[in-house]
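These figures come from a predicted structure and were not determined experimentally.
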Amino acid sequence: MKFTNLMAPTLREVPAEAEVISHKLLVRAGFIRKSSAGIYTYLPLAHRVLKKIEGIIREEMDAAGGQEILMPIMQPAELWLESGRWDVYGGELMRFKDRHDRDFCLGPTHEELITDLVRGELSSWRQLPIMLYQIQDKFRDERRPRFGLMRGREFIMKDLYSFDRDAAGMDESYKAMHRAYCNVFSRCGLEYRIVEADPGAIGGNHSHEFMVLAEAGEAEIIYCSGCSYAADGEIATSKKPEAYEGPEVPPYELIETPGANTIASLAQFLHVGEDQLVKTLFYQADGQVVCILLRGDRELNEIKLKNAIGCYELAMADIPDVVAITGCQPGYLSPIGLAGKVKVYVDEEVMALGATVAGANRPGYHYGNVLPKRDFPLDVVGDFRQVAAGDVCPFCGKPLMSARGIEAGQIFKLGTKYSKALNLVYTDEKGEKQPVEMGCYGIGVSRTMAAAVEQCNDKDGIVWPVSIAPYHVVIVPTTAEGPVWDAALALYQDLMKEGVEAVLDDRDERAGVKFKDADLIGYPIRITVGKKFTESRQVEFKKRWEQEAETLALDEVKAKIKEVLS
RNA sequence: CGGGAUGUAGCGCAGUUUGGUAGCGCGCCUCGUUCGGGACGAGGAGGCCGCAGGUUCGAAUCCUGUCAUCCCGACCA
């Protein structure tokens, strides 16, 4: 491709709306342009990168037993009503009506549609297992699209669905996909980590996320410094402490704590650590107020609490509701005396405290010598704490670490959630109907491209991994005429004949401009034809990820390119 | 959805407080000089000042509404 024929509109200045590196660079380097919030056009360079990522995904899915199909983006409401998700999915589902006033949506995911497809064709156990996948645009009306391609409203996704006769079969499919995903991200040249994850609205009971490591990632990864434990911060857990079994504690007593209306100020006033105190919080779960007790130094993990309660909406309770229950403004709230009023969820770390201090439902006062269970109710004891770096690994006891990641893929064991809701059954050897065990497996293709940029860049621009680079080689003639130009053109034509993916920067620009754009766009290899060619028929060969260039004779270039690309 | 900010040329911005008929840098076009890390000079094109109402002799500027975009939070396969 000649640069003058390539629509790659590079910008010298950063668009004001871009915040994260991948968004800035993809816009500046002429890969994408915004259409509306969270919706982008992929220009030729981006399109090539996406096709490469998709190519890698196809090879790995096919090798794992997948068959590619293409389902409609437009989906009828009936299927979503049947699964129950038409009402549950909420505002994220892009809904519309056709001319006959029938309800439809743009597919945010395809469990309903594929289950409907397979139930129409599946009859015998002999047909299983089946793995079907597609690569297509997905639509989610995000409340807040942001960070360019990282969280869009329209994005490209690969979604594969597995159908097995039993749980053991589903486990095999899950393992096969787990391996295939490792291959995909490794082949894309990305540094990633696999973590245990919350299945969320897709459902099921077992899920892993594939996190591309990057500072701009929206997800927190907790992983162990000593063993292989790694989990999304949303569900990560730390070692459960032993419940307190020390000497007997005298009855609780009122103590004066003027002005100590936060955990920090109370700890300071009493000269004890925040981890010696009890924090009392009130939340509202689908309209019902609940109480949560945590160790003073801890934050609540709302996802854990949400899963424990089994509610859809969870938010801090309104202050008037709290006052109605406790008779006290926040600051000195007490767990004592809540029996029968609200359900109390207690983090297991609280149980490890001996005599502790809690609020007294009276401004300026706390109770000392408070003992969990003896002095306040424990309706549910569990893990509700947000785990942080430095906590103790639940499996090996070594300290946990924290990193940030971009969720590029997630795999789920769905079990029979959708097959039961949509009546997807097969007939087994005994002639009995059985529900199908399903799994689903997604990769954000456009997000993976953004993640690659997020991970592979320097101050000058993108540094594409070879496997997903839009082109492998750029040839930069320092002038657009004379022997230098002729040599560059001949080299380009030669490389084209050999099937090398090359761009010839044939613009009538100064060399500096071409170098800047080459770095910005991020071709893995740059070949400069210039003064060394005039002097001694040599060219400069530079790898994007190395600082220094090497000088080669013109006829050595082809071999060198092949060596570097392989 | 709550909070904050911004909409002026393709991109980055000034002008708005104090109303007087639109400006800078980059990019673009022409000519010349340059030519290995975003050159220089001269000339030129390009703007319903987001949109709709209102106030005024007169609105980019003041008022009302509305739309859009971005940030923080909440939320999220």
Ignoring hydrogens and angles, are the base of [N] and the side chain of [X] linked by a donor-acceptor pair under 3.5 Å?
X      : N      : value
A:E13  : B:rG25 : yes
A:R526 : B:rG36 : no
A:E540 : B:rG36 : yes
A:D519 : B:rG37 : yes
A:R144 : B:rG4  : no

Q. Which comes earlier along RNA chain B counting from the 5' end, the contact point of A:P108 or that of A:P15, where each point is its nearest nucleotide?
A.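 In this pair, the answer is A:P15.
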Q: Hey, which sits more toward the 5' end of RNA chain B by its nearest nucleotide, A:P145 or A:F515?
A: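 Closest to the 5' end, via its nearest nucleotide, is A:F515.
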Q | Row check, A:Y223 ring normal vs A:R193 NZ/CZ: under 6.0 Å, within 45° | A | yes
Q: Can you tell me the distance, in whole Å, between the CZ atom of A:R510 and the P atom of B:rG37?
A: 8 Å
Q: Send over the distance from A:R28 CZ to B:rG12 C1', rounded to a whole Å.
A: 12 Å
Q. For the ring pair A:F31 and A:H23, is the centre-to-centre distance below 6.0 Å?
A.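 They do not qualify: ring centres at least 6.0 Å apart.
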Q) If the P atom of B:rC75 is compared with that of B:rG20, how far apart are they to the nearest Å? A) 48 Å
Write out a two-atom table: protein N or O, nucleotide N or O from nucleotides 41-48 of chain B, distance below 3.5 Å.
none

**Q.** Complementary nucleotide for B:rU56 - Watson-Crick or wobble, under 3.5 Å
**A.**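 Paired with no nucleotide.
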Atom pairs under 3.5 Å, N or O on each side, protein against nucleotides 49-52 of chain B: can you list them with distances?
none

Q | Within 6.0 angstrom of A:E218 CD, more than 12 heavy atoms from elsewhere | A | yes
